[in-house]
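In this text the structure is predicted, and so the values were computed from the model without any measurement. Proteins come first, then strands; the chains are lettered A, B, ... in the order of their sequence lines, and each starts at number 1.
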Amino acid sequence: MKQHIADLINTALTTLIEDGTLPADTQPKIMVENTRDKSHGDFASNIALTLAKAARTNPRELSQKICAALPASDNVEKTEIAGPGFINFFVSDASTGNLIKVILQEKHNYGRNSDGAGRKVQVEFVSANPTGPLHIGHGRGAAVGDCLCRLMDANGWDVTREFYYNDAGQQINNLALSVQARCKGLNPDHESWPADGYRGDYIVELAESFMRGDTVKSADQSFTGTKDADDLDGIRHFAVAYLRHEQDLDLKAFGVNFDVYFLESSLYTEGKVEAAVKTLIDNGFTYEDGGALWLRTTDFGDDKDRVMRKTDGGYTYFVPDVAYHLDKWQRGFDTVINEQGADHHSTITRVRAGLQALQAEIPKGWPDYVLHQMVTVMRGGEEVKISKRAGSYLTLRDLIDEVGQDATRYFLAARKSDSHLNFDIDLARSESADNPVYYIQYAHARVCSIFRKLAENDLQWDETIGIDALGHLELEAEKRLVVNLGRYPEIVKRAAANRAPNQVANYLYELASDFHTFYNSEKTLVEDTDLRNARLTLAVAVRQVLANGLDLLGVSAPELM
RNA sequence: GCGCCCGUAGCUCAAUGGAUAGAGCACUCGCCUUCUAAGCGAGCGGUUGCAGGUUCGACCCCUGCCGGGCGCGCCA
């Protein structure tokens, strides 16, 4: 509809250019917007405001000329000029009929588009170190990342979900030492407890499992505990497999599935780290100082140079990171989005600098990043304190067990990822209209409920009558619903373009709200056959869009609540 | 000190550079017992942190402050 109106305006502008009202070199950027206020019609364009200067006239006068030059359209009932020179468009009944028809025909495809044209996008998210269970911050990453994937898919992209495991390096050593200490019966208060050891209770369980000789399986490896507390290497492998398995379970409970689990260790075993280092050296961006090898990241906007190879010979974490992203590039992804916690913000400049220094013709701003801020958990009006050091943990699985998958996903995805998030457990658990997830899902269930009632009354929905009778929908609430249903495809585009799943959540809340208002104000199952079928048809369209949108969030659309 | 993010109603949050900045909760006042619910409706509530700038038009873009969060390792 927006495009249609833009086309009408474009035709009008062409006419005005021909008759000399507008200069021949006019390059109009036609913008058509949804109106907020119903009295401003259904759509509005600011075109006269932007072109008034070029036309050497005032916006209102120009808008009158544009309106006069607009070609007739079945979809437009009338136009009005308002305010400083906005042109307001009122859509016709024919247009709403067309929209509802499209929704009923396209069903779960309504709102999807092929803008991505099958191009490859990779989204890397969660990427938690296998040193402990997933906490709520990972949960936010999982929810936002997975919704982004669903959004990109809805926009016609070929999506790969990827999880990067830091299974090499110092943190894994710490983990192994911590487990070993537990295997030997030490606790964190003991004098020979490892300096930066992990203190959580899960380490105890892990050690017990190792000493029992359990076999643990993760996505692509399995390992059996050797029961030997001195076998540090065995403990390391076992611990990583064990915790990866735990994380797999957490993610499964959250309904998040990855296509690729990429192991940091593979970058070493396959020589990709060494190859990247060699290229960086050959390209002349490195130097030795103080026994370490440095990368001149300041050549690419960093505020100081970074150590690549430590004096102990090991590489710092960002070297395999660079090798990893080169690998992503070579795998042919047009777009790569890294979803991660904002506390890792400083890696962005480093990774991009490293990629530039490789001189592999990788674009400067590549890859994309979506960062999420911290999550505060509230229960009973008080903050639930999470201390990693003390080992007190609110894990993602705890949260899912307590409030359910749907509410957890919704709450974690419904806020702008740039902002800190307040997770109110009591609200997420409540089964009332105060809870936005419940409220949206209930709108969906309510449509289903109307149809159950319809069957009880031995009546049937006649879609053909309904569509023909859509002109009977004259109430404010009904028209609002129709207009909002029409907005959905644009929401899908915008949310993906802005990398902002929360915009889907906001939209759904508004749509649900409009539906509840409609439901509360008018009976659907009225005597009048035409009106009844028209309302049922509208309700089906609403249910469809709610279901489509909830699917983008990974939240279920129940038929009965 | 430097970098990034945030600052909108009492609280939690919305708002493609557009018209009178919107919801929910809380509060106040009404209504109601229903196609699925103790629900529905209305009202109250704002100098969009402050000060400039760009623009026909700024919560949004730019600059400088103030306040909060995160990061500033040869940890990841």
Are there over 12 heavy-atom neighbours, none belonging to Glu522(A), within less than 6.0 Å of that residue's CD? yes

So, using ring pair (Phe, Tyr, Trp, His ring centres under 6.0 Å) as the criterion, who are the partners of Tyr439(A) when residues are at least two apart? Tyr509(A), His516(A)

When all nucleic acid strands are considered with a 4.0 Å heavy-atom cut-off, which category describes Thr50(A): base, sugar-phosphate, or nothing? base

Rounding to the closest angstrom, what is the interatomic distance between A42(B) and C25(B) at atom P? 12 Å

Could you check whether Lys310(A) gets within reach of a base, just the sugar-phosphate, or nothing at all, counting any heavy atom under 4.0 Å? base

Regarding Met561(A), tell me which of base, sugar-phosphate or nothing describes its non-hydrogen contacts under 4.0 Å with the strands shown. base

Mind checking ring pair (Phe, Tyr, Trp, His ring centres under 6.0 Å) for Phe262(A) and listing every partner two or more places apart, or none if nothing turns up? Tyr324(A)

When the P atoms of G17(B) and A76(B) are considered, how many whole Å apart are they? 39 Å

What does Ala445(A) touch in the nucleic acid at a heavy-atom separation under 4.0 angstrom: a base, only the sugar-phosphate, or nothing? nothing

Ordered by number, residues from residues 316-326 of chain A within less than 4.0 Å of RNA chain B (heavy atoms) are Thr316(A), Tyr317(A)

Please list, in 5' to 3' order, the outermost nucleotides of RNA chain B lying under 4.0 Å from any heavy atom of chain A. C4(B) to A76(B)

Any base atoms under 4.0 Å from Val32(A), or only sugar-phosphate, or nothing? Heavy atoms, all strands. base

Sugar-phosphate, base or nothing in reach of Tyr439(A), heavy atoms under 4.0 Å: nothing

Would you please name every residue forming a side chain to side chain contact (heavy atoms under 4.5 Å, CB included) with His4(A), sequence neighbours left out? Met1(A), Leu8(A), Ser73(A), Asn75(A)

Before accepting this row, confirm whether a basic side-chain N of the pair Glu456(A)/Lys453(A) lies closer than 4.0 Å to the acidic partner's carboxylate O. yes

Got a salt bridge between Arg535(A) and Glu478(A), using NZ or NE/NH1/NH2 to carboxylate O under 4.0 Å? yes

So what does Ala44(A) touch, heavy atoms closer than 4.0 Å: a base, only the sugar-phosphate, or nothing? base

Hey, is CZ on Arg452(A) packed in by over 12 heavy atoms from elsewhere, all under 6.0 Å? yes

Run the salt bridge (charged side-chain N to carboxylate O under 4.0 Å, His left out) test against Asp42(A) and tell me which residues pass, sequence neighbours left out. Lys38(A)

Look at all strands and tell whether Arg452(A) reaches a base, only sugar-phosphate, or nothing, counting heavy atoms closer than 4.0 Å. base

Taking the P atom in each of C6(B) and C62(B), what is the distance between them to the nearest angstrom? 11 Å

G18(B) versus U34(B) - spacing of their P atoms, nearest Å: 46 Å

Given the P atoms of A14(B) and G49(B), what is the spacing between them in whole Å? 14 Å

Which whole number of Å gives the distance between the P atom of G73(B) and that of U55(B)? 42 Å

In terms of relative ring orientation, are Trp461(A) and Phe451(A) parallel, tilted or perpendicular, with 30° and 60° separating the classes? perpendicular

Indicate whether the side chain of Asn498(A) and that of Lys493(A) have a donor and an acceptor atom separated by less than 3.5 Å. no

Applying ring pair (Phe, Tyr, Trp, His ring centres under 6.0 Å), can you list everything that pairs with Phe423(A), at least two apart in sequence or on another chain? Phe411(A)

Pairwise 5' ranking along RNA chain B for Lys2(A) and Asp434(A), keeping only the more 5' one: Lys2(A)

Under the salt bridge (charged side-chain N to carboxylate O under 4.0 Å, His left out) rule, collect the residues that match up with Arg60(A), sequence neighbours excluded. none

Excluding sequence neighbours, so at least two apart, what forms ring pair (Phe, Tyr, Trp, His ring centres under 6.0 Å) with Tyr519(A)? none

Residue set satisfying salt bridge (charged side-chain N to carboxylate O under 4.0 Å, His left out) with Asp327(A), at least two apart, ordered chain then number -> Lys272(A), Arg331(A)

Salt bridge or not between Glu510(A) and Arg487(A)? Use side-chain N to carboxylate O under 4.0 Å. yes

Would you measure the distance from the P atom in G46(B) across to the matching atom in A9(B) and give it in whole Å? 10 Å

Rounding to an integer number of angstrom, what distance separates U48(B) and A21(B) when you compare their P atoms? 10 Å

As a test of your reading of the structure, name each stem of RNA chain B as range with range, where a stem is three or more consecutive Watson-Crick or G-U pairs at under 3.5 Å. B:1-7 with B:66-72, B:10-13 with B:22-25, B:27-31 with B:39-43, B:49-53 with B:61-65

Upstream residue (5' side of RNA chain B) when Trp294(A) and Phe423(A) are each assigned their closest nucleotide: Phe423(A)

Members of residues 532-545 of chain A that approach RNA chain B, where some heavy atom sits under 4.0 Å away: none

